[in-house]
Novice: 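Quick one: the structure is below, and I'll ask about it shortly.
Residue numbers start at 1 and run along the sequence shown. Each ligand, and each atom within it, is numbered from 1 in the order the structure gives.
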Amino acid sequence: MSEATDIAVVGAGAAGLMAALQAGRAGGGRVVALDGAARLGAKIRISGGGRCNVTHDVVTEADFHGATPPAIRKVLRQFDVADTVAFFEAEGVELKREEAGKLFPVTERAGTVLDALVEAAEDAGVELRHPYRVERITPTTGGFVLAGPEGRLEARRVILATGGRSVPTTGSDGAGYEIARSLGHTLTEPIVPALVPLRLPEGHPLTALSGISAPVVLEVRAGSGKRLTSVEGAMLLTHFGLSGPAVLDVSRHWILAHAGDEGTRLHVCWLPGEDEPSVDARLRTLGGMQVLFWMRERFPSRLASVLLELAGVDPQVRGDALTRTARRSLVSTLAAMALPVLGSRGWAYAEVTAGGVPLRETRLETLASRVCPGLHLCGEVLDVDGRIGGFNFQWAWASGTSAGRAAARGRARPASR
Ligand SMILES: Cc1cc2nc3c(=O)[nH]c(=O)nc-3n(C[C@H](O)[C@H](O)[C@H](O)COP(=O)(O)OP(=O)(O)OC[C@H]3O[C@@H](n4cnc5c(N)ncnc54)[C@H](O)[C@@H]3O)c2cc1C
């Protein structure tokens, strides 16, 4: 005979821990949280460069992609930023605001956040088990049977919080998607890495500038030339290609567009706020100034030299000696240079996943599955991904809270389907 519980939470990452503790607090009966990873909360530990960017001081549906904005808003407002700040404060984790509104623990340690969640879960009576990998969930009369190498568990309700596919060594390897599918859910197509660095061809001149960061505007353009998305922020040049906040934010857009249209291009404007006509006008007024001098007023000197090399412009040339062809080439290099992106650095380097179980397959007030009674879903397994800045954790806290509280209130699976 297998062991039985009221609520089984599958996956004890950010969303699963929050769901479990909220279910425990809401009097959901016996709550067992299972996680396949040998080390609990590995992704929280590595988040925010080891400091965990817990949330952002302003979070709206516009900070997310995947599901529709009204649907995302409905989930977010059930546990907002003020609730997150109050929750962590009550658990002894004070948060501080950093540049651009990111909130971090004052300890500067992601472990503080993880410890607080684990302690809060244990205080709420949650039984945490790991490593405990769930391979199959089978609906039964009145509940589910969860099975895996560690054994079998019967549960009246299940919360699926298995995360996405990013950094699979943390335990989130996409297995949860197949479980969701086996329970009747669909998955968006394709499911791709997001918030991920992008690769340039080996030996591309920009890869020699590793460590240089510049404010830019990045634009994804379809093969037809149509402008699809633009993101402004810092771009970091690396030995493999491109990283930094603007690149991470634009990555999902480039990857998804490229998956359907190989002609998709990524363009960079190295002078935010300028466009081709305005850069052209500036270059026309250089007079006797050397082009390299003008460039060095705007860019780190190594970047200035590489941009001139990419434009095929002699750095020594004076403004009044620039040929029309050279000027045009420099204008397009500075205002709309096409970056020959080969692809992303892949799942091992992605912070999140774009795609997953469509949010419309859940009831937004409870995140209860519309196709499998007794099942709730939360966190990254759902088709919602946020931009960089603490938004993905806010989604985990909000959706986890919603699913956990609702599972505690909810009825078991109906005895007959
Ligand atoms: C390097 C890095 C840095 C990041 N930094 C930030 C940041 O600073 N701020 C921010 O907002 N977001 C950040 N993120 C994103 C954020 O970590 C995720 O969005 C968030 O952790 C998702 O929470 P989740 O609970 O849905 O999934 P996860 O945290 O991935 O947890 C899922 C859990 O489910 C378990 N699991 C999976 N399958 C099974 C199974 N079959 N059986 C049992 N258990 C299973 C896994 O072991 C895992 O512990 C970062 C991500 C990475 C990779």
Novice: Kindly assign one of parallel, tilted or perpendicular to the pair W270 and F299, based on the angle between their ring planes and the thresholds 30° and 60°.
Specialist: perpendicular
Novice: Atom CE of M337 and atom CG of L330: how far apart are they, to the nearest 0.5 Å?
Specialist: 11.5 Å
Novice: Can you name the residues that form a side chain to side chain donor-acceptor pair (under 3.5 Å) with E150, not counting sequence neighbours?
Specialist: none
Novice: Please find the pair of heavy atoms, one from L21 and one from A121, that lie closest to each other, and give the distance.
Specialist: CB-CA, 3.6 Å
Novice: Salt bridge or not between R133 and D173? Use side-chain N to carboxylate O under 4.0 Å.
Specialist: yes
Novice: For ligand 1, run through the N/O pairs with the protein that fall under 3.5 Å and put one pair on each line.
Specialist:
{"from": "ligand 1", "atom 1": "5 (N)", "to": "G48", "atom 2": "N", "distance (Å)": "3.1"}
{"from": "ligand 1", "atom 1": "8 (O)", "to": "G48", "atom 2": "N", "distance (Å)": "3.0"}
{"from": "ligand 1", "atom 1": "8 (O)", "to": "N53", "atom 2": "N", "distance (Å)": "3.1"}
{"from": "ligand 1", "atom 1": "9 (N)", "to": "N53", "atom 2": "O", "distance (Å)": "2.9"}
{"from": "ligand 1", "atom 1": "11 (O)", "to": "G390", "atom 2": "O", "distance (Å)": "3.4"}
{"from": "ligand 1", "atom 1": "11 (O)", "to": "N392", "atom 2": "N", "distance (Å)": "3.4"}
{"from": "ligand 1", "atom 1": "11 (O)", "to": "F393", "atom 2": "N", "distance (Å)": "2.8"}
{"from": "ligand 1", "atom 1": "19 (O)", "to": "E380", "atom 2": "OE1", "distance (Å)": "2.8"}
{"from": "ligand 1", "atom 1": "25 (O)", "to": "A14", "atom 2": "N", "distance (Å)": "3.2"}
{"from": "ligand 1", "atom 1": "25 (O)", "to": "A15", "atom 2": "N", "distance (Å)": "2.8"}
{"from": "ligand 1", "atom 1": "26 (O)", "to": "E380", "atom 2": "N", "distance (Å)": "2.8"}
{"from": "ligand 1", "atom 1": "30 (O)", "to": "K43", "atom 2": "NZ", "distance (Å)": "3.3"}
{"from": "ligand 1", "atom 1": "30 (O)", "to": "S172", "atom 2": "OG", "distance (Å)": "2.6"}
{"from": "ligand 1", "atom 1": "41 (N)", "to": "V134", "atom 2": "O", "distance (Å)": "2.8"}
{"from": "ligand 1", "atom 1": "42 (N)", "to": "V134", "atom 2": "N", "distance (Å)": "3.0"}
{"from": "ligand 1", "atom 1": "44 (N)", "to": "G36", "atom 2": "N", "distance (Å)": "2.9"}
{"from": "ligand 1", "atom 1": "47 (O)", "to": "D35", "atom 2": "OD1", "distance (Å)": "2.6"}
{"from": "ligand 1", "atom 1": "49 (O)", "to": "D35", "atom 2": "OD1", "distance (Å)": "3.2"}
{"from": "ligand 1", "atom 1": "49 (O)", "to": "D35", "atom 2": "OD2", "distance (Å)": "2.6"}

Novice: How far apart are the C-alpha atoms of L339 and L242, what are their side-chain angles, what is the distance that settles it, and do they pass the side chain to side chain contact (heavy atoms under 4.5 Å, CB included) test?
Specialist: CA-CA 10 Å; L339 294 161; L242 312 169; 3.9 Å; yes
